[in-house]
Amino acid sequence: MPIRPPPHTYRCTACGWSKTVAPRSDALMPGEHFRACPQCGATDLKREKASSPAHWLADLARRLGR
């Protein structure tokens, strides 16, 4: 049985870019996982647990298809 990962926030230590994602399932889709910063290309990304407001907004954006 698939288990959806908890929402998390990616942060770039080089330029400050950040994005909170709320995956739909355990099969991650494009835009739900990052290996490098899409803004500056740095590979030093921090992944942390999403805060409650960020989790709510990411889930709403996902439901609206953005």
Side-chain angles (χ1 to χ4, degrees):
M1 179 165 91
I3 298 173
R4 185 172 78 158
H8 50 273
T9 301
Y10 288 97
R11 293 192 191 284
C12 177
T13 58
C15 72
W17 170 87
S18 69
K19 179 164 181 144
T20 300
V21 295
R24 295 176 189 229
S25 72
D26 62 338
L28 298 177
M29 302 300 288
E32 294 180 341
H33 179 72
F34 298 92
R35 293 182 189 261
C37 175
Q39 190 168 351
C40 71
T43 58
D44 189 23
L45 296 179
K46 298 234 181 221
R47 182 177 174 216
E48 54 196 38
K49 181 180 174 185
S51 66
S52 292
H55 168 215
W56 184 82
L57 289 173
D59 193 45
L60 179 63
R62 179 183 56 81
R63 289 174 191 237
L64 294 175
R66 297 181 181 187

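Heavy atoms only: backbone and side chains are in, while hydrogens, waters and symmetry mates are out.
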Do [X] and [Y] come within less than 4.5 Å of each other through their side chains, counting heavy atoms only?
| X | Y | value |
| --- | --- | --- |
| Arg11 | Leu45 | no |
| Lys46 | Tyr10 | no |
| Cys40 | Cys12 | yes |

Donor-acceptor contact present, side-chain Thr20 to main-chain His8, <3.5 Å | no
